[in-house]
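Read through the structure below, which is laid out as structure tokens, and then see the notes.
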Amino acid sequence: MAAGQKDNSTLSLKVSLRRNLLREIEKPVVLESHGGYGAIYERCYAHLVAEGVVFEKDPAKAAVLGRQRPTWAVYEADCVGALAAGVGGHLAVSFFDLDPYGEPWPVVDAIFGSKRPWPERIAVVVNDGLRQNLRIAGGWKVASLEAMTARYGNRALHDHYLEICREMLAEKAAQAGYGLSRWAGYYCGYGQMMTHYAAVLVRNAARSSLM
Ligand SMILES: C[S@@+](CC[C@H](N)C(=O)[O-])C[C@H]1O[C@@H](n2cnc3c(N)ncnc32)[C@H](O)[C@@H]1O
């Protein structure tokens with residue numbers, strides 16, 4: 001697969017990771033940062049979650065999402081700017097679903113740097129396409145990984161990307177007062193270049209079992 005090409009082979013894995021994570025949160029209120037045409041919503045949230053927030057920057061796709069989920073807040077917007085500004089803060093979102101084609105880190109920063117209601121227990125699930133860039137260009141070329149490249153070196157970033165994701169997510173969530181309570185993740189897709197991970201984060205509470 002050529003650099004920058006989209007890998008859509010992993011939908012069933014995305015769906016089972018989310019279904020498992022949904023069991024961790026009572027009455028989840030979902031925020032999807034990258035709605036697309038709503039494939040994940042149909043398989044994971046449609047019959048479970050009445051309230052939610054979804055962003056999609058493509059106008060035609062946002063229109064589809066608006067028709068698909070009349071009880072949700074649907075924004076045709078760049079999710080990074082909107083999240084940083086606190087958009088979606090009318091709901092106490094407890095389940096953040098990040099499904100970009102490429103890197104998720106600006107989205108993670110926008111979420112945890114924003115003012116919004118913070119439930120005691122939240123879940124974050126991520127589809128991360130950055131490992132493909134790491135293989136091609138190395139960590140020095142990826143602004144959001146500069147600190148980790150300096151800490152662990154270029155090679156480690158690709159080979160141990162999943163562990164680095166766990167560390168980065170824990171550090172970023174700590175800004176909003178959360179500790180990592182549960183973690184799961186794996187590589188998948190063409191050439192193992194996609195990284196899927198899921199975390200349960202608990203605020204102001206003792207951390208429980210790490211997995
Ligand atoms: C992998 S697809 C999402 C698939 C979707 N989660 C689903 O269930 O079908 C990524 C989507 O993110 C959108 N997108 C890319 N950058 C974005 C941004 N900054 N803000 C909002 N949407 C964005 C693209 O238009 C594309 O539809």
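Numbering of ligands and ligand atoms starts at 1, following listing order. Just so it is clear, the structure is predicted and the values come from calculations on it, not from any experiment.
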Result block: side-chain N/O donor-acceptor pairs under 3.5 angstrom for residues 107-116, not counting sequence neighbours:
{"from": "D109", "atom 1": "OD1", "to": "K172", "atom 2": "NZ", "distance (Å)": "2.8"}
{"from": "D109", "atom 1": "OD2", "to": "K172", "atom 2": "NZ", "distance (Å)": "3.4"}
{"from": "S114", "atom 1": "OG", "to": "A110", "atom 2": "O", "distance (Å)": "3.4"}
{"from": "S114", "atom 1": "OG", "to": "I111", "atom 2": "O", "distance (Å)": "2.6"}
{"from": "S114", "atom 1": "OG", "to": "R116", "atom 2": "NE", "distance (Å)": "2.7"}
{"from": "R116", "atom 1": "NH1", "to": "V87", "atom 2": "O", "distance (Å)": "3.4"}
{"from": "R116", "atom 1": "NH2", "to": "L83", "atom 2": "O", "distance (Å)": "3.0"}
{"from": "R116", "atom 1": "NH2", "to": "V87", "atom 2": "O", "distance (Å)": "3.2"}

* Asked: Are any of the N/O atoms in D99 less than 3.5 Å from those in ligand 1?
  -> yes
* Asked: Are there more than 12 heavy atoms of other residues, nucleotides or ligands under 6.0 Å from atom CZ of R151?
  -> yes
* **K61 neighbourhood, listing ligand 1 atoms whose heavy-atom distance to it stays under 4.0 Å** => 25 (O), 26 (C), 27 (O)
* Structure fact -> Here the atoms of ligand 1 under 4.0 Å from any heavy atom belonging to G35 are 5 (C), 6 (N), 7 (C), 8 (O), 9 (O)
* Any heavy atom of V80 sitting closer than 4.0 Å to ligand 1? -> no
* Asked: Is R182 paired with E24 through a side-chain N to carboxylate O contact shorter than 4.0 Å?
  -> yes
* Please lay out, stage by stage, how V93 and I122 fare under the test side-chain contact (heavy atoms from CB on, under 4.5 Å). => CA-CA 8 Å; V93 172; I122 64 171; over 6 Å; no
* Counting each atom of ligand 1 from 1 as listed, which ones have a heavy atom of G38 under 4.0 Å away? -> 8 (O), 9 (O)
* Under 30°, 30 to 60°, or over 60°: which ring-plane class applies to F96 and W118, parallel, tilted or perpendicular? -> tilted
* Structure fact -> ligand 1 atoms nearer than 4.0 angstrom to some heavy atom of S33 are 21 (C)
* To do: With side-chain contact (heavy atoms from CB on, under 4.5 Å) as the test, would you mind laying out the steps for D99 and R18 before giving the verdict?
  => CA-CA 11 Å; D99 187 16; R18 284 157 176 78; 4.2 Å; yes
* To do: Ignoring angles and geometry beyond distance, decide whether F55 reaches within less than 3.5 Å of ligand 1 through its nitrogen or oxygen atoms.
  => no
* Asked: Is the F95 ring parallel, tilted or perpendicular to the Y45 ring (thresholds 30°, 60°)?
  -> perpendicular
* **Distance-only N or O hit between ligand 1 and D58, under 3.5 Å** => no
* Report yes or no: is the cationic atom of R203 (NZ for Lys, CZ for Arg) closer than 6.0 Å to the six-membered ring centre of Y178, at no more than 45° off its axis? => yes
* Asked: So, does A82 sit close enough to ligand 1 that a heavy atom of it is under 4.0 Å from the ligand?
  -> no
* Asked: Atoms of ligand 1 less than 4.0 Å from I40 heavy atoms?
  -> 6 (N), 7 (C), 8 (O)
* Asked: For atom 24 (C) of ligand 1, which candidate among K57, E56, E76, E32 provides the closest heavy atom?
  -> E56
* To do: Could you list which atoms of ligand 1 come closer than 4.0 Å to a heavy atom of D78?
  => 18 (C), 19 (N), 20 (N)
Kindly list each side-chain donor-acceptor pair under 3.5 angstrom involving residues 26-40, sequence neighbours excluded, with atom names and distances?
{"from": "E32", "atom 1": "OE1", "to": "R69", "atom 2": "NH1", "distance (Å)": "2.6"}
{"from": "E32", "atom 1": "OE1", "to": "R69", "atom 2": "NH2", "distance (Å)": "3.2"}
{"from": "S33", "atom 1": "OG", "to": "D97", "atom 2": "O", "distance (Å)": "3.4"}

* Can you find an N or O of P100 that's nearer than 3.5 Å to an N or O of ligand 1? -> no
* To do: Under 4.0 Å from a heavy atom of A39: give me the atoms of ligand 1 that qualify, with their elements.
  => 7 (C), 8 (O), 9 (O)
* To do: Under 4.0 Å from a heavy atom of A77: give me the atoms of ligand 1 that qualify, with their elements.
  => 20 (N), 21 (C)
* To do: Apply side-chain contact (heavy atoms from CB on, under 4.5 Å) to R166 and Y197, showing your working.
  => CA-CA 8 Å; R166 175 174 161 157; Y197 40 91; over 6 Å; no
